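Contents: one structure, followed by commentary.
This one's a predicted model, so the numbers in the text were calculated from it and none came from an experiment. Proteins come first, then strands; the chains are lettered A, B, ... in the order of their sequence lines, and each starts at number 1.
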Number of protein chains: 2
Amino acid sequence: MNKKTKPNFKPYKKRSAHNYVFEMLKDYIISGVYKVGDQLPTEIELSQTLGISRAATREGLRELEGIGLITTVQGYKGGRFVNKIDSGIIVNGLDLLLQTQKASFDELMEARKAIECITVRMAALNRSEENLAAMSKVLNLRVDSKEEFYKKTFDLHEIVALASQNKVLFYIVQAIRKLIFQTYSNIALEENNIDLVMKTHYAIYSSIKNRDPEEAEKAMIFDIEAYRNLYLEVIEKHTKG
Amino acid sequence: MNKKTKPNFKPYKKRSAHNYVFEMLKDYIISGVYKVGDQLPTEIELSQTLGISRAATREGLRELEGIGLITTVQGYKGGRFVNKIDSGIIVNGLDLLLQTQKASFDELMEARKAIECITVRMAALNRSEENLAAMSKVLNLRVDSKEEFYKKTFDLHEIVALASQNKVLFYIVQAIRKLIFQTYSNIALEENNIDLVMKTHYAIYSSIKNRDPEEAEKAMIFDIEAYRNLYLEVIEKHTKG
DNA sequence: TTACATATAAATGTCTGACATAGCTATGAT
DNA sequence: ATCATAGCTATGTCAGACATTTATATGTAA
């Protein structure tokens with residue numbers, strides 16, 4: 001038997017201590033033993049229970065923190081707490097990726113348009129009555145500040161994506177939208193722009209209600225391009241002023 | 001001034017030691033000071049340079065490992081090495097998300113179809129001559145094993161996504177495809193299936209060459225649904241046998 | 001010469017135990 | 001009532017020793 005082809009038998013399952021902590025807690029969190037908001041055992045408890053030093057235990061916990069599964073809080077009543085697992089868990093990775101690969105604002109908006117358009121079409125075909133009710137409720141909300149209006153906009157798009165009845169698309173749309181708003185922040189809407197956005201949102205709602213994918217897509221395109229243009233205008237002003 | 005509204009002034013930027021290590025190295029990696037494959041300074045060097053204990057340094061490194069930026073290798077010629085930043089960096093997060101939210105195989109395939117269809121349409125409109133040449137080269141490759149055929153299939157879809165000229169879509173398509181193949185592994189293709197797939201791939205290539213988005217989308221749908229059906233057949237057999 | 005065993009080197013991995021710090025809570029003085 | 005303070009409980013940090021891993025170099029025997 002050649003040296004090169006000799007199989008490299010490894011001892012049965014000899015993981016490092018820190019990795020053991022990481023994998024074990026990850027599994028517990030994924031399988032729901034620890035739920036959102038739950039506090040993990042303290043470092044000391046964990047290390048004593050597992051027979052692993054505090055240092056190695058902390059390394060495992062730090063890796064969990066890296067992938068976004070837990071949050072660490074120092075001080076009295078502090079500890080490690082299980083995060084909610086939502087689209088946020090891919091936003092950082094996507095951000096990192098697009099930053100290093102130097103993706104442009106236009107590419108991001110184009111991708112958003114492409115994906116959110118197909119999503120709104122599916123929403124028009126698959127929406128439930130509850131989805132409609134939720135959209136209607138959000139549309140009829142009175143808002144008193146721009147912040148509330150942004151929130152309302154975010155919520156509406158979220159329900160639309162949800163109405164597609166496809167979780168994968170839902171989370172991807174959410175992630176892209178979050179990334180756009182966190183990277184390029186919110187534009188300063190003028191009163192007349194608010195009116196325009198509200199009309200467009202109502203058009204999206206109507207066409208979804210009428211199960212009309214063509215119209216829904218048109219309205220969505222209009223909405224997204226309006227945002228894009230507003231953003232570019234603001235940029236324009238800034239670079240000039 | 002009320003207690004509740006009293007601003008909580010924090011000392012100017014007092015980060016924890018481990019977080020300092022994490023952020024600093026992250027910035028260096030993102031900005032390209034450390035490039036793909038580069039070895040970071042050893043723990044000891046880092047901790048001595050920064051005046052931070054080895055334990056805290058290791059925690060920061062472990063967090064970097066969590067987000068997928070570096071890989072740790074033990075032993076002689078070991079160390080910490082900078083990873084390639086590609087779609088892989090979001091695959092784990094997406095996997096985690098879909099696992100906990102219990103997204104189905106069908107939802108994943110449907111999302112893939114939706115996104116890869118719009119991507120192939122854009123490819124048909126935006127493809128460059130280089131893209132065509134790359135596709136042609138892959139299509140004409142002789143393959144001797146199923147593994148090589150899988151690789152070939154993967155490469156073709158990758159070039160198609162690239163031809164859309166949109167990095168965001170490219171990475172999202174890649175991430176979804178990787179997730180599908182790593183989760184549901186590869187189906188056992190029969191000889192006649194290979195022929196079918198090759199014909200379909202050629203149809204995708206032709207329609208992109210002809211700048212025909214409609215035909216390109218049709219071919220892509222055919223390709224994806226064929227894969228889906230083959231997979232379901234295999235599952236069927238397994239549950240019966 | 002070749003194959004195999006062994007030593008070495010250079011990195012990460014682990015452990016212990018002490019002390020520092022953060023931040024909510026309760027207590028007591030004004 | 002308000003403010004300062006001490007205490008509690010968690011994480012944060014440190015120093016220093018020793019263990020483990022693994023490629024490479026070295027030596028040894030067939």
- request: With heavy atoms under 4.0 Å as the rule, sort Arg80(B) into base, sugar-phosphate or nothing.
  value: sugar-phosphate

field: Summary of side-chain hydrogen bond (donor to acceptor under 3.5 Å, both in side chains) pairs that have at least one residue in residues 76-89 of chain A, sequence neighbours excluded
entry: Glu43(A)-Arg80(A), Thr71(A)-Asn83(A), Thr72(A)-Arg80(A), Ser87(A)-Lys178(A)

Between dT21(C) (P) and Arg15(B) (CZ): distance, integer Å: 19 Å

- prompt: Between atom CZ in Arg58(B) and atom P in dT14(C), what is the gap in whole Å?
  reply: 7 Å

field: Between C1' of dA20(C) and CD of Glu43(A), the distance in whole Å
entry: 14 Å

message: Is the shortest side-chain heavy-atom distance between Lys26(B) and Ile67(B) below 4.5 Å?
response: yes

- line: Side-chain atoms of Ile52(A) come closest, of dT11(D), dT12(C), dC15(C), to dC15(C)

task: Check the angle between the aromatic planes of His201(A) and Phe149(A) and answer parallel, tilted or perpendicular using the 30° and 60° thresholds.
output: parallel

- prompt: Out of dT16(C), dA10(D), dG13(C), which has the shortest distance to the side chain of Thr42(A)?
  reply: dA10(D)

statement: Taken to the nearest whole Å, NZ/Lys77(B) to C1'/dT20(D) is 20 Å

message: Between the base of dT22(D) and the side chain of Gln74(B), is there a donor and acceptor pair under 3.5 angstrom?
response: no

statement: Against the side chain of Gln39(A), the closest entry in dT14(C), dA10(D), dA9(C) is dA10(D)

message: Would you say that more than 12 heavy atoms from the other residues, nucleotides or ligands in this model lie under 6.0 Å from the CZ of Phe105(B), or not?
response: yes

message: With a 4.0 Å cut-off on N to O distance, would you call Glu59(A) and Arg62(A) a salt bridge?
response: no

message: Using the side-chain heavy atoms of Ala17(B), tell me which of these nucleotides is nearest: dT11(D), dT13(D), dG13(C).
response: dT13(D)

message: Taking donor-acceptor contacts at under 3.5 Å, does the side chain of Arg62(A) reach the base of dG12(D)?
response: no

- request: Give the rounded distance in Å between these two atoms: CD of Glu59(A) and C1' of dT11(D).
  value: 15 Å

- prompt: Can you tell which of dA11(C), dG12(D), dG13(C) lies closest to the side chain of His18(B)?
  reply: dG12(D)

- prompt: Between Arg54(B) and Ala55(A), which is nearer to the 5' end of DNA chain D once each is assigned its nearest nucleotide?
  reply: Ala55(A)

field: Euclidean distance, atom CD1 of residue Ile44(A) to atom P of dC8(D) [Å, nearest integer]
entry: 16 Å

statement: Atom CG of Asn19(A) and atom P of dT21(D) are separated, to the nearest Å, by 14 Å

message: Quick check for you: among dC14(D), dG12(D), dT14(C), whose closest atom lies nearest to any side-chain atom of Ser53(B)?
response: dC14(D)

- request: Nearest-nucleotide wise, let me know which of Gly75(B) and Val73(A) is further upstream toward the 5' end of DNA chain C.
  value: Gly75(B)

query: Tyr76(A) has an atom OH; how far is it from atom P of dC24(C), in whole Å?
result: 11 Å

message: Within the 4.0 Å heavy-atom criterion, would you say Gly78(B) contacts the bases, only the backbone, or no part of the nucleic acid?
response: sugar-phosphate

